[in-house]
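Remarks on the structure that follows.
Count residues from 1 along the sequence.
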Amino acid sequence: SRRAKLVERAFDKLDKDGSGTIEISDLKGIYDAKKHPDVKSGKKTEDDVLGDFLETFEMHLNIGGGQCDHVITKEEFTEYYNNVSASIDDDRYFETMICSAWKISCLLYTSPSPRDLSTSRMPSSARKK
């Protein structure tokens, strides 16, 4: 599906070294932790914040209490976005969200809206002028 392809593109962008996993080193330069409030206040290091960020993805498969290793597999990343996707009906919104979150170029849906489709199926003589 289109959504799955977008998620795969995002994963591939984050997996800078092509290892098939996303680690803290992959996130540096993409996710800027320097401005995080806990880093600014000295409570956490940048790596701590990046690790916390990675745990967000791991938690979807580790609900049974598994340990987080701060290494995100494609399966974990995909499962996270499967859960996100389930709560978003609008494909355009999902695409915009993924593209802006991970700064990937996307061709936003150019298909007409349902309203436009119903109008375009009418004979030209029946359309409002």
Side-chain angles (χ1 to χ4, degrees):
S1 79
R2 187 178 183 111
R3 290 184 182 202
K5 288 177 185 172
L6 286 170
V7 170
E8 185 172 339
R9 283 181 56 210
F11 182 89
D12 291 344
K13 178 180 181 176
L14 293 170
D15 180 17
K16 287 187 200 176
D17 63 5
S19 66
T21 60
I22 301 169
E23 301 175 41
I24 289 175
S25 60
D26 291 313
L27 288 180
K28 289 183 177 179
I30 294 175
Y31 183 85
D32 185 8
K34 290 177 190 169
K35 297 178 184 174
H36 189 281
D38 288 345
V39 173
K40 288 173 107 176
S41 70
K43 287 182 186 176
K44 292 184 176 184
T45 66
E46 288 179 58
D47 282 358
D48 291 338
V49 169
L50 293 172
D52 291 347
F53 180 72
L54 290 174
E55 284 179 18
T56 303
F57 295 93
E58 292 182 296
M59 296 309 294
H60 284 274
L61 290 178
N62 287 335
I63 293 175
Q67 210 167 12
C68 295
D69 59 3
H70 296 169
V71 176
I72 306 304
T73 64
K74 189 173 259 188
E75 178 188 18
E76 290 168 328
F77 192 81
T78 301
E79 181 61 23
Y80 174 84
Y81 277 107
N82 281 340
N83 291 328
V84 170
S85 179
S87 67
I88 299 174
D89 292 331
D90 186 326
D91 288 337
R92 292 177 194 191
Y93 180 79
F94 183 84
E95 183 169 337
T96 300
M97 185 260 317
I98 289 283
C99 295
S100 63
W102 300 115
K103 295 175 179 58
I104 56 176
S105 62
C106 292
L107 298 174
L108 294 176
Y109 279 77
T110 56
S111 59
S113 70
R115 189 176 136 262
D116 293 338
L117 285 174
S118 64
T119 303
S120 66
R121 290 185 188 140
M122 289 182 186
S124 59
S125 60
R127 291 188 200 141
K128 290 182 180 179
K129 295 183 180 187

Completion exercise
Here the gap from Asp52 atom CG to His70 atom NE2, rounded to the nearest 0.5 Å, amounts to 6.5 Å
Exercise for the section: Mind running side-chain contact (heavy atoms from CB on, under 4.5 Å) on Phe11 and Thr78 for me, showing each step along the way? Expected result: CA-CA 8 Å; Phe11 182 89; Thr78 301; over 6 Å; no
Handout entry: Least distance between heavy atoms, Phe94 atom then Val84 atom
Key = CE1-CG1, 4.4 Å
Handout entry: Residues in side-chain contact (heavy atoms from CB on, under 4.5 Å) contact with Ala10, at least two apart in sequence or another chain
Key = Phe77, Ile98, Trp102, Ile104
Problem - side-chain contact (heavy atoms from CB on, under 4.5 Å) against Asp90, all qualifying residues, sequence neighbours excluded - result: Arg92, Tyr93
Practice task
Would you mind reporting whether Ser105 and Arg9 have side-chain heavy atoms less than 4.5 Å apart?
Solution key: yes
Handout entry: Sequence-distant partners of Asp48, side-chain hydrogen bond (donor to acceptor under 3.5 Å, both in side chains), two or more places apart
Key = Thr45
Problem - Under 3.5 Å donor-acceptor, Lys44 side chain and Pro37 backbone - result: no
Completion exercise
Between the CD atom in Glu55 and the CG atom in Asp69, the distance rounded to the nearest 0.5 Å is 9.5 Å
Practice task
Identify the heavy atoms of Ser85 and Arg3 that sit nearest to each other, and give their distance.
Solution key: OG-NH1, 2.7 Å
Side-chain polar contacts of residues 18-31 - donor-acceptor pairs under 3.5 angstrom, sequence neighbours left out - could you list them?
| unit_1 | atom_1 | unit_2 | atom_2 | d |
| --- | --- | --- | --- | --- |
| Ser19 | OG | Asp15 | OD1 | 3.4 |
| Ser19 | OG | Asp17 | OD1 | 3.0 |
| Ser19 | OG | Thr21 | N | 3.3 |
| Ser19 | OG | Thr21 | O | 3.3 |
| Ser19 | OG | Thr21 | OG1 | 3.0 |
| Thr21 | OG1 | Glu23 | OE2 | 3.3 |
| Asp26 | OD1 | Lys16 | N | 3.3 |
| Asp26 | OD2 | Glu23 | N | 2.9 |
| Lys28 | NZ | Asp47 | OD1 | 3.0 |

Problem - Taking every non-hydrogen atom, the tightest pair across Val39 and Ala33 - result: CG2-O, 3.3 Å
Problem - Pairs touching residues 30-41 that satisfy salt bridge (charged side-chain N to carboxylate O under 4.0 Å, His left out), sequence neighbours left out - result: none
Handout entry: Stepwise side-chain contact (heavy atoms from CB on, under 4.5 Å) test for Met97 and Tyr81
Key = CA-CA 11 Å; Met97 185 260 317; Tyr81 277 107; 4.3 Å; yes
Exercise for the section: Is it possible for you to say whether Leu14 and Ile72 belong to one hydrophobic cluster, with membership spreading through side-chain heavy-atom contacts below 4.5 Å? Expected result: yes
Practice task
Please list, chain by chain and in numerical order, all residues satisfying side-chain hydrogen bond (donor to acceptor under 3.5 Å, both in side chains) with His36, sequence neighbours excluded.
Solution key: none
